[in-house]
Amino acid sequence: HIPTLRRLSRCLLEVFQSIPKSDLSSINYDLMWSISHEVTERESAFLTPGEPSSSSINYLECDGGNVLSSNAVEMMAFAIAMEHNDLETNSTGRDTSRIHDRMRILLEVVGSLNDPNGSWRSRYSAALALEACCSVLVIEEDGADTESLRRKIMMTVLEMLQDSDPDVRTVA
């Protein structure tokens with residue numbers, strides 16, 4: 001039941017946000033990334049803006065009540081932040097290419113959720129996901145790849161600043 005799964009995944013996110021960062025090291029962020037990415041991949045095939053067909057989910061219905069991607073994009077960002085934190089604390093040589101690849105995927109999902117005609121909940125979750133990625137990139141050393149990601153995120157944030165929902169604008 002999709003609305004129940006949305007509520008449960010929201011509870012999981014709230015639990016993760018309340019746990020002290022030092023205790024998060026035992027959480028498998030690769031598994032969290034895989035599950036949340038799979039959710040967004042499956043839903044991207046069904047989400048169609050505008051007129052729903054018999055094989056699609058109307059993502060405007062019930063203010064996003066049938067869509068798990070909004071919670072999944074927040075979990076993706078959380079997994080990226082956890083992986084970055086693990087890389088910062090446990091590695092001497094920093095290879096951020098996998099994190100950057102995951103950020104690019106996250107930006108695609110954020111772009112699909114950031115439809116002004118879509119659910120405000122989806123846009124709000126997309127903004128929260130970007131907030132987590134911005135904090136990772138602020139810590140990153142400057143490089144061409146990092147700067148490119150910063151620009152893409154900044155352009156998306158600027159779009160969100162024009163959102164009709166005040167909560168989305170505030171997070172942006």
Side-chain angles (χ1 to χ4, degrees), residues 1-14 16-17 29 32-84 98-138 140 145-172:
H1 186 246
I2 300 297
T4 303
L5 288 174
R6 286 192 84 239
R7 283 186 216 104
L8 289 173
S9 61
R10 174 56 50 201
C11 290
L12 178 66
L13 282 167
E14 290 174 6
F16 285 154
Q17 291 168 351
Y29 52 80
M32 183 188 299
W33 169 266
S34 298
I35 291 169
S36 55
H37 185 245
E38 181 67 26
V39 166
T40 60
E41 286 281 309
R42 286 183 183 189
E43 285 191 351
S44 70
F46 298 111
L47 292 176
T48 56
E51 292 296 317
S53 68
S54 60
S55 65
S56 70
I57 299 170
N58 180 1
Y59 75 129
L60 299 174
E61 183 181 351
C62 299
D63 236 354
N66 289 337
V67 180
L68 287 173
S69 292
S70 56
N71 288 349
V73 76
E74 286 186 65
M75 282 200 266
M76 290 169 76
F78 197 76
I80 288 170
M82 286 173 45
E83 182 175 7
H84 185 266
R98 187 167 99 158
I99 292 174
H100 289 179
D101 290 342
R102 288 183 173 183
M103 281 188 185
R104 284 186 195 86
I105 293 168
L106 182 120
L107 279 169
E108 289 176 23
V109 176
V110 164
S112 70
L113 293 175
N114 195 24
D115 183 344
N117 296 318
S119 164
W120 70 269
R121 289 181 180 139
S122 296
R123 296 190 317 272
Y124 183 74
S125 290
L128 288 174
L130 284 183
E131 183 180 37
C133 287
C134 286
S135 63
V136 167
L137 285 177
V138 166
E140 285 285 317
D145 203 29
T146 305
E147 189 58 34
S148 171
L149 277 171
R150 282 183 185 144
R151 286 185 184 147
K152 287 179 184 177
I153 289 173
M154 185 59 69
M155 293 305 295
T156 306
V157 168
L158 289 173
E159 288 175 15
M160 289 178 167
L161 285 173
Q162 301 173 24
D163 199 279
S164 61
D165 186 77
D167 292 333
V168 175
R169 289 193 308 263
T170 300
V171 172

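In this chain, residues are counted from 1 in sequence order.
- Between Ser36 atom OG and Leu68 atom CG the span is 11.5 Å, to the nearest 0.5 Å.
- Contact detail for Asp167 and Trp120: the closest heavy-atom pair is OD2-CZ3, 4.5 Å.
- The side chain to side chain contact (heavy atoms under 4.5 Å, CB included) search around Asp101 returns Arg104, not counting sequence neighbours.
- Within the 4.5 Å cutoff, side-chain heavy atoms of Ile99 are placed close to those of Met103.
- Among pairs with a residue in residues 123-138, those fulfilling salt bridge (Lys or Arg N to Asp or Glu O under 4.0 Å) read Arg123-Asp163, at least two apart in sequence or across chains.
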I would like to know whether Ser70 and Arg6 meet side chain to side chain contact (heavy atoms under 4.5 Å, CB included); could you show each step before the answer? CA-CA 9 Å; Ser70 56; Arg6 286 192 84 239; 3.1 Å; yes
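- Remark: Glu38 pairs with Arg42 by the salt bridge (charged side-chain N to carboxylate O under 4.0 Å, His left out) rule, at least two apart or across chains.
- Residues that satisfy the side chain to side chain contact (heavy atoms under 4.5 Å, CB included) test with Ala172, not counting sequence neighbours, are Val157, Met160, Leu161.
- No side-chain heavy atom of Pro116 sits under 4.5 Å from any side-chain heavy atom of Gln162.
- Atom NE2 in His37 sits 9.0 Å away from atom OG in Ser34 (nearest 0.5 Å).
- With sequence neighbours excluded, the residues satisfying side chain to side chain contact (heavy atoms under 4.5 Å, CB included) with Leu8 are Thr4.
- Atom CD1 of residue Ile80 and atom NE2 of residue His100 lie 10.0 Å apart, to the nearest 0.5 angstrom.
- Taking all atoms of both residues into account, the shortest heavy-atom contact from Asn71 to Leu13 is O-CD1, 3.7 Å.
- Between Leu149 and Leu107, some side-chain heavy-atom pair lies under the 4.5 Å cut-off.
- Here Phe16 pairs with Phe78 under the ring-ring contact (aromatic ring centres under 6.0 Å, His included) rule; sequence neighbours left out.
- Counting heavy atoms from C-beta outward, Arg10 and Ser125 have side chains that approach closer than 4.5 Å.
- Here CD of Glu83 is found 4.0 Å from CZ of Arg98. Values are rounded to the nearest 0.5 Å.
- Ala77 approaches Leu106 most closely through the heavy-atom pair N-CD1, 3.5 Å.
- Between Met75 and Leu12 there is a side-chain heavy-atom pair separated by less than 4.5 Å.
- Side-chain contact between Met76 and Ile105: present, with at least one pair of heavy atoms (C-beta onward) separated by less than 4.5 Å.
- For the atom pair OG (Ser69) and CD (Glu41), the distance works out to 9.5 Å, reported to the nearest 0.5 Å.
- Using a 4.5 Å cut-off on side-chain heavy atoms (C-beta onward), Gln17 and Glu74 make contact.
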